[in-house]
Amino acid sequence: MRERPDLAALGRLRKAAWGGQDDGAWWQAVLERSLTWITAFDGTELVGFVNVAWDGGVHAFLLDTTVHPDWGRRGIGVNLVWEATQAARAEGIHWLHVDYEPHLHQFYELCGFRPTSAGLLKLH
Ligand SMILES: CC(C)(COP(=O)(O)OP(=O)(O)OC[C@H]1O[C@@H](n2cnc3c(N)ncnc32)[C@H](O)[C@@H]1OP(=O)(O)O)[C@@H](O)C(=O)NCCC(=O)NCCS
């Protein structure tokens, strides 16, 4: 589902899954620029999120695929990405990109992605 998440709850989810600090405030600007995003809830608790960034044309990029560790390995992540894929297709996107660490190869393969050559440059 695509429900606008409470930003503090998004920050808490990010912190639980990725570590570090996140008070949620900076997500306001991110969500304003998104093509779309997908959320997963258990009752009222935000347990999953994925963002779909957009170039304004036919390319979109999956970012911040996140499932709370207490709800991990139940298929929530694959479902989030599958819903994001459907939403991007419905918006007329031709190519959906993602980059990931090697241990997530199987996860993204299950989501329908195939490996390709890509580059990544850390600027900060
Ligand atoms: C990666 C992440 C989104 C997966 O979410 P999830 O809901 O646990 O994933 P699913 O239950 O849908 O996983 C489906 C399958 O993908 C593979 N998979 C999922 N997480 C994996 C991991 N950490 N390592 C290796 N394989 C993994 C497994 O094959 C899994 O099936 P199995 O549980 O029967 O073995 C979640 O662990 C997460 O938020 N991680 C921290 C943030 C992160 O690294 N995000 C990815 C950014 S590119």
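Indexing begins at 1, ligand by ligand and atom by atom, following the structure's order. If you're wondering where the values come from, they're calculated on a predicted model, not measured in any experiment.
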Has [X] got more than 12 heavy atoms of other residues, nucleotides or ligands less than 6.0 Å from its [atom1]?
X	atom1	answer
Arg4	CZ	yes
Trp71	CH2	yes
Glu32	CD	yes

Just checking, Arg33 and Trp54: is the charged tip under 6.0 Å from the six-membered ring centre and within 45° of the axis? no
Under 4.0 Å to a heavy atom of [X] - the qualifying atoms of ligand 1, by number:
X	value
Val78	12 (O), 14 (C)
Gly72	8 (O)
Arg74	11 (O)
Gly75	10 (P), 11 (O), 12 (O)
Ala17	41 (C)
Thr66	39 (O)
Leu104	1 (C), 21 (C), 22 (C), 23 (N), 44 (O), 46 (C)
Leu110	15 (C), 16 (O), 29 (O)

What do you think, any protein heavy atom under 4.0 angstrom from atom 37 (O) of ligand 1? no
Specify the protein heavy atom at minimum distance from [atom]: its residue, its atom name, and the distance to 0.1 Å.
atom	value
atom 47 (C) of ligand 1	Trp18 CH2, 3.5 Å
atom 5 (O) of ligand 1	Val67 CG2, 3.5 Å
atom 4 (C) of ligand 1	Phe107 CE1, 3.8 Å
atom 45 (N) of ligand 1	Thr65 O, 2.8 Å
atom 7 (O) of ligand 1	Gly77 N, 2.8 Å

Could you check whether any heavy atom of Tyr108 sits closer than 4.0 Å to an atom of ligand 1, since that is the contact criterion I want to use? yes
What do you reckon, does Asp99 put a non-hydrogen atom under 4.0 Å from ligand 1? yes
With sequence neighbours excluded, residues passing side-chain contact (heavy atoms from CB on, under 4.5 Å) with Asp55: His59
Should the ring pair Phe61 and His97 be called parallel, tilted or perpendicular, given that the plane angle runs from 0 to 90° and is split at 30 and 60? parallel
Which one of Arg73, Glu101, Gln106 has a non-hydrogen atom at the shortest distance from atom 27 (C) of ligand 1? Arg73
Could you tell me whether His103 approaches ligand 1 through its side chain, its backbone, both or neither, with non-hydrogen atoms closer than 4.0 Å? both
Residue part near ligand 1, for Trp71, under 4.0 Å between non-hydrogen atoms: neither
